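For the numbers below, each heavy atom of this structure counts, side chains included, while hydrogens, waters and symmetry mates do not. Just so you know, these numbers come straight off a predicted model, no measurement behind them. Just follow the structure's listing: the first ligand is 1, and inside any ligand the first atom is 1.
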Amino acid sequence: MSRILIAARTNPEGFATLFRAELPEHEVVTTLPDDGAPTPYVVVGLPPPGLLASRTGLEVIVSTNAGVEQLLASGEVPDGVPVVRMVDPGLRAGMVEWVAGRVLSWHRNLFAYLDQQAEGHWAQLPEVLAAERIVTVLGAGALGGPVATMLASLGFVVRTWSRTPRTVPGCTGFAGRDALDDAVASADVLVNLLPATAQTIDLIDHGLLSRMRSGGLLVNAGRGSAVVDADLLCALDDGSLGAAALDVFRQEPLPADHPFWRHPRIFITPHSAAITHPRTSVAVMAETIRRHERGEPLVNVVDRARGY
Ligand code: NDP
Ligand code: OXD
């Protein structure tokens with residue numbers, strides 16, 4: 001009876017109940033019995049210090065998060081133990097909905113109409129067809145790909161940018177650092193869905209934002225480290241950017257004294273764009289364990305050298 005340790009920070013018992021239903025022949029625990037027995041599977045987002053380093057018989061780390069930079073940075077992932085990141089329908093649906101909400105709210109002037117409503121002011125603002133707007137999605141992976149597809153289905157002109165060439169139907173693909181400026185040139189909306197790696201840190205700076213059409217929207221649901229905070233504020237204040245919808249930040253929770261909180265053109269959500277729903281994710285995580293036990297290659301394994 002192989003042991004699965006559920007070390008998710010949120011709702012571990014909820015995950016455990018569903019794991020027991022999926023894998024009844026396994027022992028599913030949320031705290032480790034002090035019996036020294038091997039624990040081949042650990043389900044975790046950000047491990048408490050010592051959790052991974054002290055495990056015996058660890059075979060697979062199943063991440064409850066799509067982004068694994070903190071898990072890798074813990075320095076506790078043993079060499080040779082695969083880390084499988086979260087790719088599941090619930091996360092995908094959440095991200096598609098969240099980005100759709102932000103882009104459409106800006107595109108249809110909702111943010112500006114909220115200001116007008118606060119003043120009891122009735123005045124139609126200019127409306128633009130989606131087909132007249134360019135949206136660039138940074139990242140064309142498990143989340144960026146479906147987000148780009150959704151935006152294209154709404155009629156936007158969509159570009160994607162990735163490390164290696166990717167084809168997303170209905171979108172124009174750009175790949176590699178040299179193609180970034182072209183991918184962003186004249187974009188009305190820039191959506192970041194890149195992982196946090198050494199290559200993506202500080203990528204969205206004043207220079208990149210100034211490639212966009214002035215008055216546009218930045219949407220960041222990837223990681224806060226991609227954005228240079230001071231440059232974002234500067235771009236908003238000099239008008240090269242119109243608004244920013246931010247879900248992720250360099251420091252989370254966003255510190256109370258951070259200027260983003262009070263900026264009238266910044267719209268904040270607390271890293272809630274896409275959450276890991278037990279109902280959809282446990283089926284995917286259980287399948288990872290089954291694949292491992294059948295001796296099949298795992299999917300969505302993190303490439304540690306790449307960092308995602
Ligand atoms: P994937 O690994 O599936 O996709 C990542 C994409 O980014 C790929 O297209 C990849 O290119 C591209 N990429 C990575 N590095 C570079 C680079 N240096 N230059 C250009 N492109 C690059 O990840 P997901 O789509 O599943 O998730 C993306 C990120 O979203 C997560 O890492 C996490 O940070 C964030 N996230 C945020 C959530 C939230 O609630 N705010 C929830 C879940 C995830 P290539 O295709 O060539 O490999
Ligand atoms: C993330 C996640 O990586 O919540 O942000 O999965």
Query raised in the report: Between Phe156 and His107, does the ring centroid distance fall short of 6.0 Å?
Result: yes

Query raised in the report: To which of Val168, Thr200, Leu143 does the heavy atom nearest atom 44 (C) of ligand 1 belong?
Result: Leu143

Report summary line: If we number the atoms of ligand 2 from 1 as shown, the ones under 4.0 Å from a heavy atom of Arg223 are 1 (C), 3 (O), 5 (O)

Query raised in the report: Under 4.5 Å between side-chain heavy atoms, hopping through other hydrophobics if needed: is there a path connecting Leu51 to Ile4?
Result: no

Report summary line: One finds that the ligand 1 atoms under 4.0 Å from a non-hydrogen atom of Met95 are 37 (C), 38 (C), 39 (C), 41 (N), 42 (C)

Report task. May I ask you to list the atoms of ligand 2 that are less than 4.0 angstrom from any heavy atom of His271? Result -> 1 (C), 4 (O), 5 (O)

Query raised in the report: Counting both backbone and side chain atoms, is some N or O of Gln199 under 3.5 Å from an N or O of ligand 1?
Result: no

Query - Ion pair check, Asp115 and Arg265, cut-off under 4.0 Å - result: yes

Report task. May I ask which of Gly144, Pro165, Gly222 has a heavy atom nearer to atom 35 (C) of ligand 1 than the others do? Result -> Gly222

Query raised in the report: Can you tell me the protein heavy atom closest to atom 9 (O) of ligand 1 and the distance?
Result: Ala140 N, 2.9 Å

Query raised in the report: For atom 8 (C) of ligand 1, which candidate among Gly307, Ala175, Gly141 provides the closest heavy atom?
Result: Gly141

**Report entry** Asn65, portion touching ligand 1 at heavy-atom distance under 4.0 Å
**Finding:** neither

**Report entry** For atom 6 (O) of ligand 2, the protein heavy atom that lies nearest, with its residue and separation
**Finding:** Ala66 N, 2.8 Å

Query raised in the report: Under a 4.0 Å N-O cut-off, is there an ion pair linking Glu287 with Arg294?
Result: yes

Requested in this report: May I ask you to identify the nearest protein heavy atom to atom 33 (C) of ligand 1, giving residue, atom name and distance to one decimal place in Å?
Outcome: Arg223 NH1, 3.5 Å

Query raised in the report: What's the shortest distance from atom 48 (O) of ligand 1 to any protein heavy atom, and which residue and atom give it?
Result: Tyr308 OH, 2.5 Å

Query raised in the report: Out of Arg166, Arg177, Gln70, whose heavy atom is nearest to atom 46 (O) of ligand 1?
Result: Arg166

**Report entry** Residue part near ligand 1, for Arg85, under 4.0 Å between non-hydrogen atoms
**Finding:** side chain

Report task. Check whether Val83 and Leu52 end up in the same hydrophobic cluster, where Ile, Leu, Val, Met, Phe, Trp and Tyr are linked by side-chain heavy atoms less than 4.5 Å apart. Result -> yes

**Report entry** Shortest protein heavy-atom distance from atom 16 (C) of ligand 1, along with the residue and atom involved
**Finding:** Arg163 CB, 3.8 Å

Requested in this report: Measure the distances from the heavy atoms of Leu194 to every atom of ligand 1 and state whether one is below 4.0 angstrom.
Outcome: yes

Requested in this report: Run the salt-bridge test on Arg3 and Asp35 with the 4.0 Å N-O cut-off and return the result as yes or no.
Outcome: yes

Query raised in the report: Looking only at non-hydrogen atoms, which of Ala196, Pro195, Gly173 approaches atom 32 (O) of ligand 1 most closely?
Result: Pro195

Query raised in the report: With a 4.0 Å heavy-atom cut-off (strictly under), which part of Glu69 contacts ligand 1: side chain, backbone, both or neither?
Result: neither

